[in-house]
Amino acid sequence: MSDSRAALEFDRVQQLVAAFARSARGRSEVLATLPRFEPGEGSRRVRLARELADVVAVAGPLPFSGLDHAGLLETTATGGVEPADLLALMGLLRGIIEVRTALEAVRLGPELSQHVAGLPHLDAFLTYCEQRLGPDGEVLDTASPALAQARSARERHRRGILATLDRLRRTHSGLTAPFTVRRDRYCLPVPTGERQAVPGLVLDASATGATVFVEPFEVVEVNNALAEATARVVEEERRVLAEMAAAFARRRDELLEAARVLTTLDAAQARLLFGEASGGVLLDPAPGASFRLSRARHPLLDPALAELRRDVLGEAGNTRPIVPLDFEFPADGRVVLLSGPNAGGKTVALKTIGLATLMADAGIPVLAEEGSTLPRLDRVWCHIGDEQSLFSDLSTFTGAMQATARILAAAGPETLVLYDELGAGTDPEEGAALAAALLEELVRSSCWAVATGHLVTVAAHVEQLPGAANAAMGYDEATGRPTYRFVAGLPGRSRGLDIAAACGVPPRLVARARSMLSQAYLALDTHLARLDREREAYLHEQAALAARQAEAEAARVRLDEERDRLEAERRRLHDALAVEREKLRRTASERLDAVLAEIAAARERGELPGKRRQATLRRAAAIEEAPRDAATAAGPLAVGSRVRPVGSRTVGTVGRVVGDRVEVLLGGKRLWVEASACEPVSAAATPPPPATIVPAADESALELKLIGLAEDEAREELERFLDRALLGGLRGIRVVHGHGSGVLRRMVREVLSRHTAVVSFSHPPQMRGGTGVTEAELE
């Protein structure tokens, strides 16, 4: 298994993932996490990562600060008594509290809850430590009353000494230098010539002998008291530090367990952040699942990770765009023979498939898209590269056969076998026979297997082998270059001669080699070429069909949105009409009440209103009929009824009635309106024509004359004319504005150009008015 990880370069991928850890312990955990293929082990990692992803989405990445300081608890029993060590352990406490607080603030899944349960409550312990040790490592006065008293006494004695020394220095004019400290005792620098003027103990002398350092007798006892107080301070500080170290020692196992939990979470978060940076998805291998990778990419080739590879591995590698791999085992088989041109991406595809399985079991997001699935496996066997070893005296073929024997001995239904260059390293005929037999054995073992090869006879054998299928890496005939796309169902052509020619091999050599090919090979190659062309044509038609389906779906979505918008607008207008109707009813009711009250008051006064006053009151009390539905007043509308839409002078016929809406056939158009907005018209009733509209020569158009009107008046007439024309269902209109100064003509063009119902407008021929008339086409 370790050989397979090495062949697939899994360790280099782990280094990329470890770069996202926030601590050295987290990085070590990532590097130590290997795919074990144990039932449930990979799933637990995936569940933890998914639950942690929900936390990171809400609270952001967890910091894991101070986690690396847990090593102090592992190296010594007490964690050290130096202030710097205790400060570091306090940083660990803060990191544990910070993570626990962040996790308790969000809803956790079951897997993450188990880990949080291993984090102790350390707030009181941190407060205890912060009362004793300051941020710079100094022991605080709040650590103990004895320490505070000792420091107070020390400061009191020091102030007394300094006051005495300052007084003595002012008393003797020869003492100009400030006080100093020698042998931890305060003294005065005294010139040798002034020694007798300052009684006291000589503590030291300068190098030249010109100055002696005298401790005056007046401060000897106070210096002694200062020394005693200082000793008590030092002793009490050591006791406090030892007490803190003992407290950490008592919690050693608890803190180490918390550090272990944080290390696990840091490693899980590193895998999660790697997935976000690479666009990967978490795959949870499941029993019975299909083996499918959608747009998979190799982490060591993906250009999006080039900068990360440069920072972590020292080299960026590929920076050019790559072709993602779409791979799936056939529904009726587990063995795939992948063929195609040299340098066509077969080995990269093999490594991408193998690496995806290792990453998924290790809980690392796979560089693929949603929809990818993997079955549960118990091992991955990989034979990629040269097995030759000078130390073990193995040839390439011998090493390959020994690896093949190991693979066949362990292959089973939950094994993935990746075999590169099947049948290579020996005589082509013997190699083909061995390759065909090996594929049969892999099918018999029911394992998942992907093999690469160039031998056409092996591909032909696979076509007749149940449980196995051919596949190819694509090749562009037009450019003569591989496309690096996986194509299932067809064997690929080696194209060795084509690639040789493209690489600069002399044409005569290539032509001679082609002439030496057997007729059977040429026939098979021709057949494969025809299949390639048919497949390309099919893929092109499939892509065109998908594009048309996408366009149709987009049009359907737009239609649904427009329908929803119109329905919302209809409901809004209906609600607005109901509000207005209610408002009118209230107004009418209030008017009636006022009139009745006035009549009652007049009667009480013995006054009866005259006929003129009664008529006035009746008009004031008249209840508006507008709130009543016209259709309700005249009975329900029926198909064929003649109606006039409110605001229109044109009479139409009811075509259909759907609920509270009716379809009105109006001037050759179909208009859907509310039933309440239709006024029934008897057969004998006909609306009078508008005063400004007269029939034109063409029955499909009407004419408006604006000659002699002012610009503002003409503009209002034109806008009303357009509204009536639309309600009347007219398709065209004529506007006669004359020549004059051109003011009316410009106004007409301005109104028509911005009116949404005007499709086009222009001047008719001279015989029909020329530039003195503008004709417009309506929707």
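Residue indices begin at 1 and follow the sequence shown.
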Original post:
In terms of side-chain geometry, is the basic nitrogen of Glu441 or Arg444 positioned less than 4.0 Å from the acidic oxygen of its partner?
Top reply: yes

Original post:
Any sub-3.5 Å donor-acceptor pair from Ser4's side-chain atoms to Val380's backbone N or O?
Top reply: yes

Original post:
When you measure from the side chain of Asn470 to the backbone N and O of Ala459, does any donor-acceptor pair fall under 3.5 Å?
Top reply: yes

Subject >> Backbone N/O of Ser294 and side chain of Ser372: donor-acceptor pair under 3.5 Å >> reply: yes

Original post:
Which atom names give the shortest non-hydrogen contact between Met473 and Gly345, and what distance separates them?
Top reply: CE-O, 3.9 Å

**OP:** Return the minimal non-hydrogen interatomic distance between Gly118 and Glu257, and the atom names on each side.
**Re:** O-CG, 4.3 Å

Original post:
Short question: side chain of Thr452, backbone of Glu421 - any donor-acceptor pair under 3.5 Å?
Top reply: yes

**OP:** Identify whether the distance between the nearest side-chain nitrogen and carboxylate oxygen of Arg556 and Glu553 falls below 4.0 Å.
**Re:** yes

Original post:
Ion pair present between Arg45 and Glu29, side-chain N to carboxylate O less than 4.0 angstrom?
Top reply: no

Original post:
Where the side chain of Arg309 meets the backbone of Ala316, is there a donor-acceptor pair that is under 3.5 Å apart?
Top reply: yes

Original post:
Counting only N and O atoms by type, is there a donor-acceptor contact under 3.5 Å from the side chain of Thr373 to the main-chain atoms of Ser290?
Top reply: yes

Subject >> Glu104, CD: over 12 other non-hydrogen atoms inside 6.0 angstrom >> reply: yes

**OP:** Please work out whether the ring planes of Phe329 and Phe291 are parallel, tilted or perpendicular, with thresholds of 30° and 60°.
**Re:** perpendicular

**OP:** For the pair Arg50 and Asp54, find out whether any cationic side-chain nitrogen is under 4.0 Å from an anionic carboxylate oxygen.
**Re:** no

Original post:
Between the side chain of Arg379 and the main-chain N/O of Ala410, is any donor-acceptor distance below 3.5 Å?
Top reply: yes

Original post:
Picking from Arg297, Arg292, Arg295, what satisfies salt bridge (charged side-chain N to carboxylate O under 4.0 Å, His left out) with Glu369?
Top reply: Arg295

**OP:** For the pair Asn318 (side chain) and Leu301 (backbone), establish whether a donor and an acceptor sit closer than 3.5 Å, ignoring hydrogens and angles.
**Re:** yes

**OP:** Nearest 0.5 Å please: distance from the CG atom of Leu355 over to the CG atom of Leu367.
**Re:** 9.0 Å

Original post:
How long is the span from the CG atom in Asp284 to the CZ atom in Arg47, to the nearest 0.5 Å?
Top reply: 7.0 Å

Original post:
Of Val462, Leu465, Val443, Val450, which is the lone residue that meets side chain to side chain contact (heavy atoms under 4.5 Å, CB included) with Val335?
Top reply: Val443

**OP:** State whether the side chain of Arg22 and the backbone N or O of Leu67 hold a donor-acceptor pair below 3.5 Å, judged by distance alone.
**Re:** no

